[in-house]
Amino acid sequence: MSSRYNHKVVEKKWQDLWSKLKVFETIKDVNKKKYYVLEMFPYPSGKIHMGHVRNYTLGDVVARYKKMKGYNVLHPMGWDAFGLPAENAALVEKKHPEKWTYQNIKTMKNQLLRMGLSLDWKREIATCHPEYYKHEQKFFIDMFNAGLAYKKEAEVNWDPVDKTVLANEQVIDGRGWRSGAVVEKKKLSQWFLKISKYSDELLSDLDSLKNWPNKVKIMQSNWIGKSVGSEIDFKVSGQDTSITVFTTRPDTIFGATFLAISTEHELTKKILKQNNDLNNFIKECEGINSEKIKKGFKTNMYVDHPFINGKKLPIFVANFVLQEYGLGAIFGCPAHDQRDLDFANEYNIEIIPVVKPINIDEKDLKITNEAFTQDGIIINSNFLNGLKIEEAKDKIIKEIEIKNIGRKKINFKLRDWGVSRQRFWGCPIPIIYREDGKILAVEDDELPVKLPEIKNFTESSSALRNISEWKETKCKKTGMKAYRETDTFDTFFESSWYYFRYCNSRLKEPFERSDIDYWLPVDQYIGGIEHAILHLLYSRFFTKALRDLNYFNLDEPFKGLFTQGMVTHITYKNNSGEWVEPRDIERVGNKFIDKNGSNVETGKIEKMSKSKRNVVDPNDIIDSYGADTARWFMLSDSPPERDLQWTDTGIAASYKFINKLYELVEKFKNYETKNPNDSRTIEALKKIINEVSNTIEAFQFNKSVAKIYEFVNTLSDGLSKYRLSKENFKWSLAKLSLILQPFIPHISEEIWSNVGDNSLCINQEWPVEEIKSELNLKLAIQINGKTKEIIEIDSNLEKDGVMETIKRNERVKKNLLGKEIVREIYVPGKIVNLVVK
RNA sequence: GGGAGUAUGGCGGAACUGGUAGACGCGCCGGAUUCAAAAUCCGGUCACUUCGGUGGUGUGGGUUCGAUUCCCUCUACUCCUACCA
């Protein structure tokens, strides 16, 4: 594609000028209203991908728009720089992971600079820098002292090949994501943060997040998983002990016919000591999917039913009872729980219905293979009979509490956050273990605990536990020998507070309270939906924890959240079933061929990924078409929250548009038409300008793009059909450059420099146009709800006048021929509907 | 199993609180320009039609003067989550 517009020169020119004039460097100004725009910071993996381009383009539109609207905009960027890929790369290159990381940061920063983003680079951070992570070590110590961080044995996902713990999300179908080895469960002593303390607050505060997508709030709410029920103690028959269960259906207590405990329950452990059969049973269970096959081991123990004298329930050890949820013990009511029913049928356990559907007679109620779990009326339940489920729950809980055999109880699915990772490239956990067995926080003045310098990075140096000179230390106070904690933090630790650090990223302290008061919360946070739970929940927790540690007074970090869709691309497969990269594809008629000339089949449209080989490199696009073209395409067509399909024709269209804008400026330079006014065009343009504002406010940038096309089309028509005056042409171009500024800022400045003053376009005020009320209104005329005619009428006409005008219209007359008007509906400015018979 | 969402031309998608369905872009068709092509520019483009109209927003129904929009039914697809007692 040829063009006269040299994007390379023009884009570089404006980027340099913005930088030279420090246009995007922000200073706190309490007299100015602030706006904090933040996009999720990238992991420095090597180069940016289209997902980044989309994410940062969206954020840049908001940042530039808000700046022009007069806000003091904070729009920072940084690097989520700790993580496993750096270690893997370091092993290959035998260099410190730091080298690889900083190299990538350099490359990616250059790429971001070429996109022309309105970022304040003065605030840039890299989380692997000791001046960054020392603060989170301090936070951790504060949490430790406040009882918010603690250590306990926990089961982890252990990759036997990579010899490391994996996070849950790194285990795919039971195998390590990198090694492919079957992941083992292993008990390790781990550090935890007490996020569960905030379960209730994390849940209820979701309501206050009005500018969050509902979807994300529902996901978090499900994850937190609050359920209201009760605990009930069952006395073990003939013994002094009892087993406590958690249930959300205490109303079905009279239908209880067995009790089941998990394979890891304390009682199970006790029985295990004497019973080898149970041991065999547990081993047997390991290979079984308990969701499909329910297995149980009948112990010779029973519990007494708390409300039926003399009734005893057998105790089973069952594979479907989870130790992690509730108390690892349940009472089984087969009639009203599918799992219990499946289990009961397998082991011939009695089934007693205690809830009946409202419109079915008790006699006709049969439960065989399907449990009844809906609303109904209680039966077979002594003093609960005749009550509705909710009433029965209240009553039975009262009884339980009176008898002192249980209590109302709220349970959460949310578990405490395990933050220990057996990795090198992470933030060291600032703890020492003294030889006398004491676990101590590292003293403040010894922070940061830095990672060791390693010249030759090998497998053995890739874990801190192997580096004895680093590991061995002394307790400063007592002089006793000690060794350091060799685990590092989960990298979600760094991303849980980076948005605070941006307030003043070079400060000696983590931040200044007055800065937090001014800048936070983030007004608009933008990122992928994949962080809906983990990152966003951890950040919310961190904010609340730091608040309680008196760092500031803030409940929620992100006031507005926007989750963008993915960038997708069609996939191609050759005859051998291998994926083929788009750049190796050629189109011949309706068919596609690869480099070797063989046919290629098109497959599904999928998220751009290396494995599917359907990736388009932003670098190539910016080289050939420029940043404005890439940005414009990212914003066109698809609503930001939906997936965006990458197409070559789409990028070509964007390129065409950028060139058209340039040609418009060239045209202006030589434009000499002297015909004066065409108010019709100018009025139309003013209307469009306001519509662009509305669509930006609503985060519907695809519509902004459509409106801008309309602007240019209207302007072109104004020039060719109505011979717009040069002054009006100039006015139009100036306005155009303003509304283009958030989207494609380089060409916007270029236009402005030809028609505006000497200042920068980005420093102008966003245009707000006054619309003249139109003299003539378009009115649609419907007969029986079907539009027959559109006419223009004087906007001052009253209903009667309007009706008269309409009835004089030829088409309307024709349609009314031989009919009788039954009703006349008039919606001013919109329609007239004549109902006829 | 549970939860959330989506469905409009050949394609991506518009249509404000119910009021002109298909804006805008792509693609396609025709024309101009060109030795020719690319690029560019202009015009057309939901379907059927006897050129009067008629039908049309996944399916079937309902509310209404009027439904892409609200309510119910069904279907298809996407995403999340998963023994949570």
Side-chain angles (χ1 to χ4, degrees), chain A residues 1-4 213-219 221-223 225-227 229 245-250 252 260 262 289-292 294 318-322 324-333 336-340 342-343 373 411-415 529-530 532-533 565-566 605 632-633 636-639 641-645 647-657 659-660 663 691 694-695 698 700 702-713 716 720 778-791 814 822-827 829-836:
Chain A
M1 232 175 286
S2 66
S3 89
R4 296 200 287 158
N214 241 335
K215 190 174 30 170
V216 174
K217 288 195 272 188
I218 289 167
M219 281 164 79
S221 150
N222 289 340
W223 186 263
K226 180 177 183 169
S227 56
V245 306
F246 173 74
T247 180
T248 54
R249 295 294 304 274
T252 63
S262 83
N289 180 351
S290 56
E291 224 171 313
K292 290 190 184 116
K294 306 258 179 284
N319 67 343
F320 69 95
V321 180
L322 300 174
E324 309 89 67
Y325 185 76
L327 296 157
I330 60 156
F331 76 72
C333 176
H336 306 292
D337 184 291
Q338 194 59 47
R339 294 157 301 181
D340 294 351
D342 294 344
F343 188 76
T373 54
N411 228 332
F412 293 94
K413 279 200 281 184
L414 183 65
R415 302 266 76 89
I529 186 82
E530 65 273 19
I533 296 172
M566 300 181 295
I605 293 158
W632 190 246
F633 177 63
S636 305
D637 291 355
S638 290
E641 69 276 13
R642 279 203 226 169
D643 288 353
L644 169 74
Q645 196 195 336
T647 58
D648 292 341
T649 48
I651 199 78
S654 298
Y655 189 61
K656 189 168 133 187
F657 179 66
N659 280 290
K660 194 172 177 178
E663 294 300 338
E691 283 166 352
N694 293 339
T695 56
Q700 300 171 322
N702 57 318
K703 291 192 212 167
S704 319
V705 167
K707 287 294 164 194
I708 289 170
Y709 274 119
E710 219 177 297
F711 186 104
V712 173
N713 292 345
S716 298
S720 62
K778 274 190 183 171
L779 198 64
I781 300 161
Q782 302 179 334
I783 310 278
N784 285 343
K786 305 233 165 187
T787 305
K788 297 291 178 189
E789 177 75 312
I790 293 156
I791 58 165
K814 212 166 143 191
V822 194
R823 204 172 147 186
E824 292 173 353
I825 291 144
Y826 174 52
V827 185
K830 286 188 176 156
I831 57 118
V832 171
N833 189 11
L834 302 176
V835 186
V836 301

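Letters go in sequence order (proteins before strands), and every chain restarts at 1. Side chains included, hydrogens not; waters and symmetry mates left out as well; all remaining heavy atoms used. As the structure is a computational prediction, the values presented were derived from the model and not from experiment.
Put simply, NZ on A:K786 is 19 Å from P on B:G52, counting in whole angstrom units. One can place CH2 of A:W632 at 12 Å from P of B:C26, the figure rounded to the nearest angstrom. Atom CD of A:Q645 and atom P of B:U6 are 20 Å apart (whole Å). Atom-to-atom, CG of A:L779 to C1' of B:G19 comes out at 10 Å; the value is rounded to the nearest Å. Atom CG of A:L644 and atom C1' of B:G13 are 12 Å apart (whole Å). For A:I783 and B:U54, the CD1 to C1' distance is 17 Å, given to the nearest whole Å. Here the C1' atom of nucleotide B:C84 and the CH2 atom of A:W223 are 12 Å apart, to the nearest Å. Rounded to a whole Å, the NZ atom of A:K660 is 9 Å from the C1' atom of B:C41.
Within 3.5 Å, no donor on the side chain of A:Q338 pairs with an acceptor on the base of B:G1, nor the reverse. A donor-acceptor contact under 3.5 Å is not formed by the side chain of A:R249 with the base of B:A85.
Comparing B:G3, B:C24, B:C84 against the side chain of A:A706 picks out B:C24 as the nearest. Here B:G66 is the nucleotide among B:C24, B:C41, B:G66 with the atom lying nearest to any side-chain atom of A:N833. Which of B:C65, B:A85, B:A4 sits closest to the side chain of A:Y325 comes down to B:A85. Nearest nucleotide to the A:V835 side chain, out of B:A85, B:C65, B:A14: B:C65. The side chain of A:I831 sits closest to B:G19 out of B:G19, B:G13, B:U20.
Here B:G43 is in the anti range [glycosidic angle more than 90° from 0]. Anti is the classification of B:G66, since its glycosidic angle lies more than 90° from 0.
Counting any heavy atom pair closer than 4.0 Å across all strands shown, A:K226 reaches no nucleic acid atom. Across all strands shown, A:E710 has heavy atoms under 4.0 Å from sugar-phosphate atoms exclusively, and none from any base. If you check every strand for non-hydrogen atoms under 4.0 Å, A:V822 touches nothing. Contact annotation for A:T649: backbone-only contact, meaning every heavy-atom pair under 4.0 Å involves sugar-phosphate atoms and none involves a base. Within the nucleic acid shown, A:Y709 comes within 4.0 Å of sugar-phosphate atoms alone, with no base atom in reach, counting heavy atoms only. Among the heavy atoms of the strands lying under 4.0 Å from A:N713 are primed sugar atoms or P, OP1, OP2 only; no base atom is included. Backbone-only engagement by A:N702 is indicated by non-hydrogen atom pairs under 4.0 Å involving sugar-phosphate atoms exclusively. Contacts of A:I218 with the nucleic acid, taken as non-hydrogen atoms under 4.0 Å apart, involve only primed sugar atoms and P, OP1 or OP2.
Here the straight-line distance linking atom OG1 of A:T247 with atom CG of A:L327 works out to 11.0 Å at 0.5 Å rounding.
With a cut-off of 3.5 Å on both Watson-Crick or G-U wobble distances, the partner of B:G56 is given as none. Nucleotide B:U45: paired with B:G27 (Watson-Crick or G-U wobble, both distances less than 3.5 Å). Here B:U75 sits opposite B:A7 as a Watson-Crick or G-U wobble pair (both hydrogen-bonding atom distances under 3.5 Å). In this structure, B:G22 forms no base pair with any nucleotide, since neither Watson-Crick nor G-U wobble geometry is met with both distances under 3.5 Å. A 3.5 Å limit on both hydrogen-bonding distances identifies no Watson-Crick or G-U partner for B:A67. Pairing for B:G1 goes to B:U81, judged as Watson-Crick or G-U wobble with the two contacts each under 3.5 Å. Judged by Watson-Crick or G-U wobble contacts below 3.5 Å, the nucleotide B:U33 has no partner. Under the Watson-Crick and G-U wobble criteria, each requiring two contacts below 3.5 Å, nucleotide B:A39 is left unpaired.
Taking every heavy atom of both residues into account, A:M219 and A:I533 meet most closely at O-CD1, 4.0 Å. What you find for A:S704 and A:T695 is that their closest heavy atoms are OG-OG1, 2.8 Å. A:G328 and A:V321 make their closest contact through O-CG1, 3.5 Å (heavy atoms, listed as atom of the first residue, atom of the second, distance).
Between B:U54 and A:K788, a contact under 4.0 Å exists linking OP1 or OP2 to a side-chain N or O. Distances shorter than 4.0 Å separate none of the side-chain N or O atoms of A:R339 from OP1 or OP2 on B:A85. Remark: A:S638 is not in phosphate contact with B:G25, judged by side-chain N or O atoms under 4.0 Å from OP1 or OP2. For B:A85, one of the phosphate oxygens OP1 or OP2 lies less than 4.0 angstrom from a side-chain nitrogen or oxygen of A:S227.
Within the cation-pi definition used here (under 6.0 Å to the ring centroid, within 45° of the axis), A:K294 qualifies as a partner of A:F320.
Both A:N784 and A:L327 sit near RNA chain B, but only A:N784 has its closest nucleotide nearer the 5' end. Comparing A:I533 and A:D643 along RNA chain B, the residue whose closest nucleotide (by nearest heavy atom) sits nearer the 5' end is A:D643.
When the C1' atom is compared between B:U69 and B:A82, the two are found 35 Å apart, to the nearest whole Å.
Aromatic ring orientation, A:W632 versus A:F657: parallel (interplanar angle below 30°, classes split at 30° and 60°).
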Verdict with supporting geometry, A:S638 and A:N702, side-chain contact (heavy atoms from CB on, under 4.5 Å): CA-CA 6 Å; A:S638 290; A:N702 57 318; 5.9 Å; no
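A salt bridge does not link A:K660 to A:E663: none of the charged side-chain nitrogens sits closer than 4.0 Å to a carboxylate oxygen.
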